[in-house]
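A quick write-up on the structure given underneath.
All residue numbers in this chain count up from 1 along the given sequence.
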Amino acid sequence: MTDTPRLPPGFIASLCSLLGERAVLRDSNTMAPYCIDQRQRYSGPALAVLLPASVEQVQGIVALTRAAGVAIVPQGGNTGLVGGATPLAGGPACVVLSTARMKAVRAWQDDTITVEAGLILDELNQLVAGRGQFLPIDLASSGSAQIGGLIATNAGGMRVIRYGMMRRQVLGLEAVLPSGELWSDLRPLLKNNSGYDLKQLLIGSEGTLGLVTAATLRLAPLPAHTATAFVALPSVAAGLRLLAALREHVAEWLSAFELISEPCLRLVRAAEPRLQAPVAFDQPWYALVEASGSVDETALQAALLAAFEQAGLAQAAIAQSQAQTDTLWRWREQIPAAQKHAGGNIKHDIGVPSAALPEFVAAADAALRSRFPGVEIIAFGHAGDGNLHYNVARTRDKPADTFLDEAEVNAIVYREVARVGGTPSAEHGVGQLKRGLLPAWAGETGMQWMRSIKATLDPDGLFNPGKLL
């Protein structure tokens, strides 16, 4: 980290008076986890880490920092992958504002619940499971990701194909604006056309326009029955044929369709050699499929089998127990950890029209292998909604310090993404990692529009500087 900036006179004392001494972290060791992202890629200094327990305290923090010209870096569970929730190296003097203590449930009626920003996703789902409900955002970081962070990044996950992204779950929102004013509209309304939908400005804005303090969320009923299958595919195109057949036979029951390349399974097998393989790993691609709903499990399985037959796919395994279901999902969920165990890779969170996935994969694979012979491509993701985590690794039989040129790899991947009408950021956001890419993808008019919104709400640029814009 760089040297701590000079403190405005009396600034820390005022924060301690507002929050209490124990909610103002100043020790460098205690602050360290808040000042670096989970990938250990982005870090920067902070004057303090603040742990408010109420909306009023958040407003007080904004008033003090605004008067002192100190920036605020909002942080939830710090589970992001693009450096959007950590201080900016070489950036302005800042504090980190963690919402971890703001966990209250304010209201709960029927299929909606109003909670504060610091409630963790797993905590929320454990709470509502007793009523047969859940918040249908499914992430590997569900044990630490907070509701406010999920909203600020418009989180997605593995069941977007059925339930949509976080934006679709948010009915109402409360946030503290850069002026210190509180904007609150937590009404649980499914229909509200009274003017601009202001909450949509804040959802996905990565804390650059306001600090989310609470939200009213739409809950879904827990499925009564689930059928899960693992299918071998000769190609990505065969996967899309299967997806089309599933949409015909399973329809609204289809809740997940995860595409997995064979190198992913090789990495997981190396990391977890005792994990039982569901099918022979002799094909280049695989799909993890889930159908769920109130329909009987036998009927769900029959619908899956009909789709497999229509797509001309014979090598498939359908889970017959919860233990088998857990095993199938483990092959998918352990891919990120297995990649980390195997060594470095260059990550991409790209989104393309689903129909263009075969074209993108073929073109990007060919271009990368032509430029970097023997390169390893580790591709997996939510193919049902066109979101692929297309990661590129060095050839693993070379020395560990031999790596690829990240800028050149990115240029090749994003060129092919653009060619098929895609996006370089499907669900992870922009943060620091992709900030330089945004102008090329948003266009001049789009950038002017976004900058004008930022200038109107945050004219001093004190909310999460150096992120997104």
Side-chain angles (χ1 to χ4, degrees), residues 34 36-44 71-89 91 96-99 117 121 137-142 144-158 160 164-170 173 175 199-212 215 336 346-352 381-382 385-391 410 413-414 417 422-442 446-447 449-451 453-454 457-458 463-469:
Y34 298 88
I36 189 167
D37 74 312
Q38 67 154 330
R39 292 177 63 192
Q40 309 288 298
R41 181 166 184 163
Y42 297 101
S43 65
I72 295 177
V73 177
Q75 189 176 105
N78 198 17
T79 60
L81 298 174
V82 294
T86 48
L88 188 68
V96 173
L97 190 155
S98 169
T99 54
L121 178 57
I137 297 293
D138 191 350
L139 307 167
S141 58
S142 61
S144 52
Q146 297 176 14
I147 296 301
L150 296 176
I151 293 169
T153 57
N154 187 29
M158 288 178 274
V160 167
M165 296 182 72
M166 193 67 188
R167 189 181 300 279
R168 187 171 164 187
Q169 322 307 327
V170 179
L173 210 57
K199 68 178 179 291
Q200 298 298 340
L201 276 178
L202 298 175
I203 300 171
S205 68
E206 302 186 34
T208 61
L209 302 178
L211 305 175
V212 173
I346 301 171
K347 297 184 182 298
H348 302 100
D349 166 47
I350 61 99
V352 302
H382 325 305
D385 51 61
N387 178 197
L388 196 64
H389 301 302
Y390 187 85
N391 301 336
N410 289 343
V413 172
Y414 295 143
V417 170
T423 172
S425 183
E427 64 176 358
H428 291 167
V430 175
Q432 299 179 58
L433 177 64
K434 300 178 184 177
R435 184 185 179 200
L437 295 175
L438 193 58
W441 297 81
M447 290 301 297
W449 199 356
M450 284 190 276
R451 289 188 185 112
I453 294 170
K454 173 71 170 174
L457 291 178
D458 186 17
F463 270 30
N464 215 8
K467 320 296 168 50
L468 203 151
L469 291 177

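- In this structure, the side chains of L211 and F463 come closer than 4.5 Å at one or more pairs of heavy atoms.
- Taking 4.5 Å as the limit, some side-chain heavy atom of Q146 sits within range of a side-chain heavy atom of T99.
- Residues Q38 and T79 come closest through the heavy atom pair NE2-O, 2.6 Å.
- Side-chain atoms of Q40 never come within 3.5 Å of backbone atoms of I36 as a donor-acceptor pair (strictly under, hydrogens ignored).
- Expressed to the nearest 0.5 Å, how far CG of N387 lies from OG1 of T423 amounts to 9.5 Å.
- Remark: side-chain polar atoms of N391 are paired, donor with acceptor, to backbone N or O of H348 under 3.5 angstrom.
- The main-chain N or O of N154 is never found under 3.5 Å from a side-chain atom of R167 such that the two would form a donor-acceptor pair.
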Q | side chain to side chain contact (heavy atoms under 4.5 Å, CB included) evaluation trace for E427 with H382 | A | CA-CA 10 Å; E427 64 176 358; H382 325 305; 3.0 Å; yes
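- Between G149 and T153, the closest heavy-atom pair is O-OG1, 2.7 Å.
- Nearest heavy atoms, P424 versus Y414: CB-CE2, 3.5 Å.
- Side chain of Q432 to main chain of K467: no donor-acceptor pair is present (N/O by atom type, distance under 3.5 Å, no hydrogens or angles).
- To the nearest 0.5 Å, the span separating CG on D349 from NE2 on H428 amounts to 4.0 Å.
- Residues passing the side-chain contact (heavy atoms from CB on, under 4.5 Å) test with R451 are M447, sequence neighbours excluded.
- Checked by atom type and distance alone, the side chain of N464 pairs as donor or acceptor with a backbone atom of G84 at under 3.5 Å.
- The shortest non-hydrogen separation linking G210 to L202 is N-CD2, 3.9 Å.
- Residues K454 and D458 are paired through a salt bridge, judged by an N-O separation under 4.0 Å between the basic side chain and the carboxylate.
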Q: Check step by step if side chain to side chain contact (heavy atoms under 4.5 Å, CB included) holds for T208 and L469.
A: CA-CA 8 Å; T208 61; L469 291 177; 5.8 Å; no
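- Taken to the nearest 0.5 Å, the CD1 atom of I203 stands 6.5 Å off from the NZ atom of K199.
- For Y390 against I350, the heavy-atom pair with the smallest separation is CB-CG1, 4.4 Å.
- Among all heavy-atom pairs drawn from G164 and R168, the shortest one is N-NH1, 3.5 Å.
- Residues passing the side-chain contact (heavy atoms from CB on, under 4.5 Å) test with E206 are V430, L468, sequence neighbours excluded.
- At distances below 3.5 Å, not a single donor-acceptor pair connects side-chain atoms of S141 with backbone N or O atoms of A145.
- Looking at heavy atoms from C-beta onward, L433 lies in side-chain contact with R39 at the 4.5 angstrom threshold.
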Q.
One pair to check against side chain to side chain contact (heavy atoms under 4.5 Å, CB included): L150 and L139. What are the steps and the verdict?
A. CA-CA 10 Å; L150 296 176; L139 307 167; 3.2 Å; yes
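- The backbone N or O of T86 lies less than 3.5 Å from no partner atom in the side chain of Q75, so there is not a single donor-acceptor pair.
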Q: Starting from the C-alpha separation in whole Å, work towards a yes-or-no answer on side chain to side chain contact (heavy atoms under 4.5 Å, CB included) for N78 and Y34.
A: CA-CA 7 Å; N78 198 17; Y34 298 88; 5.8 Å; no
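- For the pair L388/V352, no side-chain contact is recorded, criterion being any heavy-atom separation below 4.5 Å from C-beta on.
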